[in-house]
Participant: 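Before anything else, here's the structure in question.
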Amino acid sequence: MPEVPELNIVGITLQKKFKGQKFKRIEILWKKRVKASEEEFNEALQGSTLKSVDRNGKELHLHFDNGNVLGIHMMLTGKMILLPTDLSLRNPIFELTFDNGSGIIVLDGMGQAKPILNPEVPPIPDIMGDDFTEEYLAKVLSKTSIKVKDAIQRQDWIRGIGNAYADEILWHCKISPFSASKNIPQDKVKDLYNSIRTVTRDATEELAKLKTNDDVFVMENNDHRFVHNPKRKTSPEGEPIQSAKMGNTKAYYTESQVQY
DNA sequence: TAGAATGTTACAGG
DNA sequence: CCCTGTAACATTCT
(Lines give C-alpha, C1' and ligand atoms only; values in the text may rest on other atoms or scores of the structure.)
Protein backbone atom coordinates (compact mmCIF):
# COMPACT_ATOMS: atom_id res chain seq x y z
CA MET A 1 0.00 0.00 0.00
CA PRO A 2 2.57 2.63 0.88
CA GLU A 3 4.87 4.35 -1.59
CA VAL A 4 8.16 6.08 -0.94
CA PRO A 5 6.94 9.10 1.07
CA GLU A 6 4.86 6.93 3.39
CA LEU A 7 7.65 4.39 3.77
CA ASN A 8 10.10 7.18 4.62
CA ILE A 9 7.89 8.15 7.56
CA VAL A 10 7.19 4.58 8.66
CA GLY A 11 10.93 3.86 8.60
CA ILE A 12 11.73 6.91 10.73
CA THR A 13 8.99 5.93 13.20
CA LEU A 14 10.20 2.34 13.43
CA GLN A 15 13.75 3.46 14.07
CA LYS A 16 12.62 5.94 16.72
CA LYS A 17 10.55 3.33 18.54
CA PHE A 18 12.73 0.25 18.25
CA LYS A 19 16.37 1.28 17.77
CA GLY A 20 18.47 -0.40 20.45
CA GLN A 21 15.81 -3.02 21.20
CA LYS A 22 16.80 -6.65 21.35
CA PHE A 23 15.10 -9.04 18.93
CA LYS A 24 12.85 -11.59 20.60
CA ARG A 25 11.15 -13.47 17.79
CA ILE A 26 9.31 -13.39 14.51
CA GLU A 27 6.19 -15.45 13.92
CA ILE A 28 5.09 -16.15 10.37
CA LEU A 29 1.32 -16.35 10.36
CA TRP A 30 0.58 -16.52 6.63
CA LYS A 31 3.46 -17.94 4.64
CA LYS A 32 2.06 -17.81 1.11
CA ARG A 33 4.68 -15.31 -0.19
CA VAL A 34 7.34 -15.75 2.48
CA LYS A 35 10.47 -17.46 1.15
CA ALA A 36 12.55 -18.14 4.28
CA SER A 37 11.18 -20.33 7.06
CA GLU A 38 10.24 -19.02 10.47
CA GLU A 39 13.25 -20.93 11.87
CA GLU A 40 15.63 -19.26 9.42
CA PHE A 41 14.43 -15.79 10.43
CA ASN A 42 14.71 -16.55 14.12
CA GLU A 43 18.12 -18.19 13.87
CA ALA A 44 19.53 -15.28 11.89
CA LEU A 45 18.19 -12.56 14.18
CA GLN A 46 18.51 -14.32 17.53
CA GLY A 47 20.24 -12.24 20.18
CA SER A 48 20.77 -9.24 17.91
CA THR A 49 19.85 -5.61 18.46
CA LEU A 50 18.15 -3.26 16.01
CA LYS A 51 20.74 -0.79 14.76
CA SER A 52 18.86 1.25 12.14
CA VAL A 53 15.91 1.28 9.76
CA ASP A 54 15.95 2.59 6.23
CA ARG A 55 13.95 2.42 3.03
CA ASN A 56 15.21 0.76 -0.12
CA GLY A 57 12.90 1.05 -3.12
CA LYS A 58 9.52 -0.02 -1.81
CA GLU A 59 10.99 -2.09 1.03
CA LEU A 60 11.85 -1.18 4.60
CA HIS A 61 15.14 -2.61 5.82
CA LEU A 62 15.67 -3.26 9.52
CA HIS A 63 19.42 -3.58 10.13
CA PHE A 64 20.47 -5.68 13.11
CA ASP A 65 23.86 -5.47 14.81
CA ASN A 66 24.90 -9.00 13.82
CA GLY A 67 24.79 -7.96 10.16
CA ASN A 68 21.44 -9.47 9.26
CA VAL A 69 18.65 -7.45 7.66
CA LEU A 70 14.91 -7.92 8.00
CA GLY A 71 13.20 -6.54 4.89
CA ILE A 72 9.50 -5.72 4.86
CA HIS A 73 7.43 -5.27 1.69
CA MET A 74 3.87 -4.05 2.24
CA MET A 75 2.74 -4.79 -1.35
CA LEU A 76 -0.66 -3.39 -2.39
CA THR A 77 -2.78 -3.59 0.75
CA GLY A 78 -0.47 -4.29 3.70
CA LYS A 79 -1.05 -2.68 7.08
CA MET A 80 1.28 -2.29 10.06
CA ILE A 81 0.15 -1.96 13.69
CA LEU A 82 2.15 -1.46 16.87
CA LEU A 83 2.01 -4.14 19.54
CA PRO A 84 0.49 -4.62 21.97
CA THR A 85 -2.88 -3.52 20.62
CA ASP A 86 -6.61 -3.93 21.17
CA LEU A 87 -7.38 -3.53 17.48
CA SER A 88 -8.78 -6.46 15.56
CA LEU A 89 -6.01 -8.29 13.73
CA ARG A 90 -7.52 -9.96 10.71
CA ASN A 91 -5.34 -11.56 8.05
CA PRO A 92 -2.03 -11.40 9.88
CA ILE A 93 1.15 -12.05 7.85
CA PHE A 94 3.82 -11.85 10.54
CA GLU A 95 4.55 -10.54 13.99
CA LEU A 96 7.90 -9.13 15.13
CA THR A 97 8.54 -8.71 18.85
CA PHE A 98 11.37 -7.35 20.95
CA ASP A 99 12.55 -8.39 24.41
CA ASN A 100 10.73 -5.52 26.13
CA GLY A 101 7.37 -6.75 24.81
CA SER A 102 7.01 -4.11 22.10
CA GLY A 103 6.77 -4.95 18.42
CA ILE A 104 4.74 -4.76 15.23
CA ILE A 105 2.27 -6.92 13.35
CA VAL A 106 1.81 -6.77 9.59
CA LEU A 107 -1.62 -7.59 8.17
CA ASP A 108 -2.75 -7.99 4.58
CA GLY A 109 -6.10 -9.21 3.32
CA MET A 110 -4.51 -10.17 0.02
CA GLY A 111 -1.81 -12.20 1.73
CA GLN A 112 0.96 -10.50 -0.23
CA ALA A 113 2.84 -8.32 2.25
CA LYS A 114 5.93 -10.14 3.42
CA PRO A 115 9.07 -10.20 5.53
CA ILE A 116 12.30 -10.91 3.63
CA LEU A 117 15.47 -12.29 5.21
CA ASN A 118 18.56 -10.39 4.00
CA PRO A 119 16.88 -8.85 0.94
CA GLU A 120 18.96 -8.30 -2.17
CA VAL A 121 19.70 -4.71 -3.04
CA PRO A 122 19.69 -4.54 -6.84
CA PRO A 123 22.02 -2.05 -8.57
CA ILE A 124 19.09 0.02 -9.83
CA PRO A 125 18.80 3.68 -8.82
CA ASP A 126 16.29 4.59 -6.12
CA ILE A 127 14.42 7.85 -6.81
CA MET A 128 15.94 9.50 -3.73
CA GLY A 129 19.47 8.21 -4.33
CA ASP A 130 22.49 10.08 -5.71
CA ASP A 131 22.78 7.61 -8.57
CA PHE A 132 19.34 8.55 -9.90
CA THR A 133 20.35 11.31 -12.30
CA GLU A 134 18.66 13.18 -15.10
CA GLU A 135 20.99 11.45 -17.54
CA TYR A 136 19.96 8.05 -16.21
CA LEU A 137 16.26 8.88 -16.53
CA ALA A 138 16.81 10.11 -20.10
CA LYS A 139 18.55 6.85 -20.97
CA VAL A 140 15.74 4.74 -19.50
CA LEU A 141 13.02 6.65 -21.35
CA SER A 142 14.86 6.74 -24.67
CA LYS A 143 14.95 2.97 -24.99
CA THR A 144 11.24 2.21 -24.72
CA SER A 145 8.00 3.10 -26.42
CA ILE A 146 5.78 2.05 -23.52
CA LYS A 147 3.67 4.76 -21.90
CA VAL A 148 5.66 7.00 -19.60
CA LYS A 149 3.45 6.24 -16.60
CA ASP A 150 4.24 2.55 -16.98
CA ALA A 151 7.93 3.20 -17.61
CA ILE A 152 8.58 5.21 -14.45
CA GLN A 153 6.86 2.52 -12.38
CA ARG A 154 9.14 -0.26 -13.64
CA GLN A 155 11.06 -1.24 -10.52
CA ASP A 156 13.70 -2.98 -12.65
CA TRP A 157 14.55 0.42 -14.24
CA ILE A 158 13.87 2.96 -11.46
CA ARG A 159 12.99 1.99 -7.92
CA GLY A 160 10.35 3.75 -5.84
CA ILE A 161 7.53 5.13 -8.00
CA GLY A 162 4.05 3.57 -7.65
CA ASN A 163 0.64 4.24 -9.12
CA ALA A 164 -0.47 7.18 -6.98
CA TYR A 165 2.71 9.26 -7.10
CA ALA A 166 3.24 8.46 -10.80
CA ASP A 167 0.04 10.45 -11.41
CA GLU A 168 1.12 13.23 -9.05
CA ILE A 169 4.55 13.51 -10.68
CA LEU A 170 3.26 13.56 -14.26
CA TRP A 171 0.66 16.17 -13.38
CA HIS A 172 3.35 18.26 -11.68
CA CYS A 173 5.46 18.41 -14.87
CA LYS A 174 2.45 18.56 -17.21
CA ILE A 175 3.26 15.41 -19.15
CA SER A 176 0.41 13.10 -20.16
CA PRO A 177 0.65 9.59 -18.66
CA PHE A 178 -0.10 8.23 -22.16
CA SER A 179 3.02 9.76 -23.71
CA ALA A 180 5.36 7.33 -25.44
CA SER A 181 8.48 7.40 -23.28
CA LYS A 182 10.98 7.81 -26.12
CA ASN A 183 9.04 10.75 -27.59
CA ILE A 184 9.43 13.00 -24.58
CA PRO A 185 11.74 15.90 -25.54
CA GLN A 186 14.91 16.54 -23.57
CA ASP A 187 13.67 19.64 -21.75
CA LYS A 188 10.57 17.76 -20.57
CA VAL A 189 12.67 14.84 -19.36
CA LYS A 190 14.47 17.42 -17.23
CA ASP A 191 11.09 18.64 -15.89
CA LEU A 192 10.02 15.06 -15.18
CA TYR A 193 13.25 14.39 -13.32
CA ASN A 194 12.80 17.49 -11.18
CA SER A 195 9.17 16.59 -10.50
CA ILE A 196 10.11 13.08 -9.33
CA ARG A 197 12.49 14.62 -6.80
CA THR A 198 10.21 17.49 -5.76
CA VAL A 199 6.93 15.60 -5.46
CA THR A 200 8.59 12.83 -3.42
CA ARG A 201 10.30 15.28 -1.07
CA ASP A 202 7.22 17.48 -0.64
CA ALA A 203 4.92 14.52 0.04
CA THR A 204 7.34 13.20 2.65
CA GLU A 205 7.31 16.60 4.36
CA GLU A 206 3.51 16.79 4.27
CA LEU A 207 3.17 13.31 5.76
CA ALA A 208 5.65 14.16 8.51
CA LYS A 209 3.25 16.88 9.68
CA LEU A 210 0.28 14.53 10.05
CA LYS A 211 -1.01 13.92 13.51
CA THR A 212 -1.76 10.24 13.64
CA ASN A 213 -3.08 7.49 15.81
CA ASP A 214 0.10 6.19 17.38
CA ASP A 215 -0.88 2.52 17.05
CA VAL A 216 -1.42 2.35 13.31
CA PHE A 217 1.16 3.39 10.75
CA VAL A 218 -0.23 5.58 8.00
CA MET A 219 0.17 3.64 4.79
CA GLU A 220 -2.30 5.64 2.80
CA ASN A 221 -3.27 9.29 2.88
CA ASN A 222 -5.08 10.98 0.04
CA ASP A 223 -5.30 14.47 1.42
CA HIS A 224 -2.01 15.92 0.20
CA ARG A 225 -2.40 14.51 -3.33
CA PHE A 226 -3.60 16.86 -6.06
CA VAL A 227 -4.92 14.58 -8.84
CA HIS A 228 -4.66 10.95 -7.71
CA ASN A 229 -7.37 11.58 -5.17
CA PRO A 230 -10.93 10.33 -5.69
CA LYS A 231 -12.26 13.12 -3.46
CA ARG A 232 -11.02 15.84 -5.80
CA LYS A 233 -12.97 16.80 -8.90
CA THR A 234 -10.59 19.55 -10.01
CA SER A 235 -6.87 20.29 -9.81
CA PRO A 236 -5.68 23.28 -7.74
CA GLU A 237 -5.87 25.37 -10.93
CA GLY A 238 -9.52 24.42 -11.34
CA GLU A 239 -9.02 22.02 -14.22
CA PRO A 240 -11.33 18.98 -14.20
CA ILE A 241 -9.54 15.78 -13.22
CA GLN A 242 -9.92 13.01 -15.78
CA SER A 243 -9.46 9.35 -15.12
CA ALA A 244 -8.87 6.40 -17.39
CA LYS A 245 -8.07 2.75 -17.08
CA MET A 246 -4.47 2.02 -17.98
CA GLY A 247 -3.60 -1.64 -17.88
CA ASN A 248 -5.04 -2.88 -14.63
CA THR A 249 -4.82 0.43 -12.78
CA LYS A 250 -6.36 3.85 -13.10
CA ALA A 251 -4.62 7.03 -14.18
CA TYR A 252 -5.72 10.47 -12.97
CA TYR A 253 -4.68 13.47 -15.05
CA THR A 254 -5.79 16.78 -16.55
CA GLU A 255 -6.15 18.02 -20.13
CA SER A 256 -3.24 20.43 -19.85
CA GLN A 257 -0.80 17.53 -19.57
CA VAL A 258 0.81 17.26 -23.01
CA GLN A 259 0.94 13.92 -24.78
CA TYR A 260 4.18 13.25 -26.66
C1' DT B 1 -22.93 -4.03 -5.41
C1' DA B 2 -19.52 -4.68 -8.64
C1' DG B 3 -15.30 -2.82 -9.21
C1' DA B 4 -11.21 -0.64 -7.53
C1' DA B 5 -7.09 -0.81 -4.70
C1' DT B 6 -0.01 3.54 -3.40
C1' DG B 7 2.18 -4.08 -6.40
C1' DT B 8 4.49 -8.00 -8.35
C1' DT B 9 4.93 -11.96 -11.20
C1' DA B 10 4.05 -15.36 -14.80
C1' DC B 11 2.95 -16.07 -19.20
C1' DA B 12 1.48 -15.42 -24.12
C1' DG B 13 2.32 -13.37 -28.44
C1' DG B 14 5.06 -10.65 -31.60
C1' DC C 1 16.16 -13.80 -26.49
C1' DC C 2 13.93 -9.12 -26.05
C1' DC C 3 9.80 -6.30 -25.75
C1' DT C 4 5.02 -5.55 -24.60
C1' DG C 5 0.36 -6.31 -22.82
C1' DT C 6 -2.74 -8.98 -19.91
C1' DA C 7 -4.38 -11.45 -16.06
C1' DA C 8 -4.03 -13.50 -11.53
C1' DC C 9 -3.41 -13.05 -6.78
C1' DA C 10 -7.72 -12.86 -2.32
C1' DT C 11 -9.71 -9.56 0.57
C1' DT C 12 -11.52 -5.08 2.05
C1' DC C 13 -13.55 -0.92 1.12
C1' DT C 14 -16.64 2.14 -1.20
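In what follows, every chain begins at residue 1, and chains take the letters A, B, ... in the order their sequences are listed. Quick note: numbers below take in every heavy atom, side chains included, and nothing from hydrogens, waters or symmetry partners.
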Participant: Using atom P in both nucleotides, what's the gap between dA10(C) and dC11(B) to the nearest angstrom?
Facilitator: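 Looking at atom P only, dA10(C) and dC11(B) are 15 Å apart.
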Participant: Could you tell me the Watson-Crick or G-U partner of dA5(B), where both distances fall under 3.5 Å? Say none if there is no partner.
Facilitator: dT11(C)
Participant: How many Å lie between CD1 on Ile127(A) and C1' on dT6(B), as a whole number?
Facilitator: 12 Å
Participant: Taking the nucleotide of DNA chain B with the closest heavy atom to each, which residue, Arg33(A) or Lys245(A), is nearer the 5' end?
Facilitator: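 Nearer the 5' end of the strand: Lys245(A).
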Participant: Among the nucleotides dT11(C), dT4(C), dG7(B), which one has an atom lying closest to any side-chain atom of Asn163(A)?
Facilitator: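 Nearest to the side-chain atoms of Asn163(A), counting from C-beta on, is dG7(B).
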Participant: Would you call Lys190(A) and Asp187(A) a salt bridge, taking side-chain N to carboxylate O under 4.0 Å as the test?
Facilitator: no
Participant: Using whole Å, report how far CD of Glu59(A) lies from P of dT8(B).
Facilitator: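 Nearest whole value for this atom pair: 9 Å.
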Participant: Is any side-chain nitrogen or oxygen of His73(A) closer than 4.0 Å to OP1 or OP2 of dT8(B)?
Facilitator: yes
Participant: Given dA5(B), dT8(B), dC9(C), identify the nucleotide with an atom nearest to the side chain of Thr77(A).
Facilitator: dA5(B)
Participant: Nearest whole angstrom, please: distance from the C1' of dA5(B) to the CE of Met246(A).
Facilitator: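 In whole Å, dA5(B) C1' and Met246(A) CE are 16 Å from each other.
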Participant: Figure out the CD1/C1' separation between Ile146(A) and dT4(C), and round it to whole Å.
Facilitator: 8 Å
Participant: Nearest whole angstrom, please: distance from the P of dT8(B) to the CE of Met74(A).
Facilitator: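 Computing the Met74(A):CE to dT8(B):P distance gives 13 Å.
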Participant: Pick base, sugar-phosphate or nothing for Arg90(A), based on heavy-atom distances below 4.0 Å to the nucleic acid.
Facilitator: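 The residue Arg90(A) makes sugar-phosphate contact but no base contact.
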Participant: Of the candidate nucleotides dA4(B), dT8(B), dT6(B), which contains the atom at the shortest distance from the side chain of Lys250(A)?
Facilitator: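 Among dA4(B), dT8(B), dT6(B), the one nearest the side chain of Lys250(A) is dA4(B).
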Participant: Could you check, using the six-membered ring where one of them is a Trp, whether Phe178(A) and Tyr253(A) have ring centers closer than 6.0 angstrom?
Facilitator: yes
Participant: Using a strict 4.0 Å threshold on nitrogen-to-oxygen distance, state whether Arg55(A) and Asp126(A) make a salt bridge.
Facilitator: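 Here Arg55(A) pairs with Asp126(A) in a salt bridge, since their nearest N and O are under 4.0 Å apart.
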Participant: Between dA5(B), dT4(C), dT6(B), which one does the side chain of Met110(A) approach most closely?
Facilitator: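 The answer is dA5(B).
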Participant: Judged by each residue's nearest nucleotide on DNA chain B, which is more toward the 5′ side, His228(A) or Lys114(A)?
Facilitator: His228(A)
Participant: Taking only N and O in the side chain of Thr249(A), is any of them less than 4.0 Å away from OP1 or OP2 of dG7(B)?
Facilitator: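 It does not, given that no N or O in the side chain of Thr249(A) lies less than 4.0 Å from OP1 or OP2 of dG7(B).
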Participant: Rounded to the nearest Å, what distance is computed from the CD1 atom of residue Ile158(A) to the P atom of nucleotide dT8(B)?
Facilitator: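 One finds 14 Å between P of dT8(B) and CD1 of Ile158(A), rounded.
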Participant: Taking the minimum atom-to-atom distance to the side chain of Trp157(A), which one of dT8(B), dT6(B), dT4(C) wins?
Facilitator: dT4(C)
Participant: Whether the Lys22(A) and Asn100(A) side chains hold a donor-acceptor pair (N or O, under 3.5 Å, no angle test) is what I'd like checked.
Facilitator: no
Participant: Any sub-3.5 Å donor-acceptor pair from Glu239(A)'s side-chain atoms to Ser256(A)'s backbone N or O?
Facilitator: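 Present.
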Participant: For Lys114(A), is there an ion pair with Asp108(A) - N to carboxylate O distance below 4.0 angstrom?
Facilitator: no
Participant: Which nucleotide, dC9(C), dG5(C), dT6(B), lies nearest any side-chain atom of Ala164(A)?
Facilitator: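 So the side chain of Ala164(A) is nearest to dT6(B).
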Participant: Looking at dA5(B), I'd like to know if its phosphate oxygens (OP1 or OP2) sit under 4.0 Å from a side-chain N or O belonging to Tyr252(A).
Facilitator: yes
Participant: Return the value, rounded to whole Å, for the distance between atom CG of Asp150(A) and atom P of dT4(C).
Facilitator: 10 Å
Participant: Separation of Gln112(A) atom CD from dT9(B) atom C1', in whole Å?
Facilitator: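 Going from CD in Gln112(A) over to C1' in dT9(B) covers 10 Å.
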Participant: Looking only at the side chain of Trp30(A) (C-beta and beyond, no hydrogens), which of the listed nucleotides dT11(C), dT6(B), dT8(B) gets closest?
Facilitator: dT11(C)
Participant: Does Asn248(A) reach a base, just sugar-phosphate, or nothing at all? Heavy atoms under 4.0 Å.
Facilitator: base
Participant: For dA7(C) and dA4(B), measure between their C1' atoms and round to the nearest Å.
Facilitator: 15 Å
Participant: Look at the side-chain N and O atoms of Lys32(A) and state whether any lies under 4.0 Å from the OP1 or OP2 oxygen of dA10(C).
Facilitator: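 Yes, such a contact exists.
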Participant: Give a yes/no on whether any side-chain N or O of Asn91(A) is located under 4.0 angstrom from OP1 or OP2 of dT12(C).
Facilitator: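 It does, given that an N or O in the side chain of Asn91(A) lies less than 4.0 Å from OP1 or OP2 of dT12(C).
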Participant: Which nucleotide wins on minimum distance to the side chain of Glu6(A), given the candidates dT6(B), dT4(C), dT11(C)?
Facilitator: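 Selected nucleotide: dT6(B).
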Participant: I'd like to know if the side chain of Glu3(A) and the backbone of Gly160(A) have a donor-acceptor N/O pair within less than 3.5 Å.
Facilitator: no
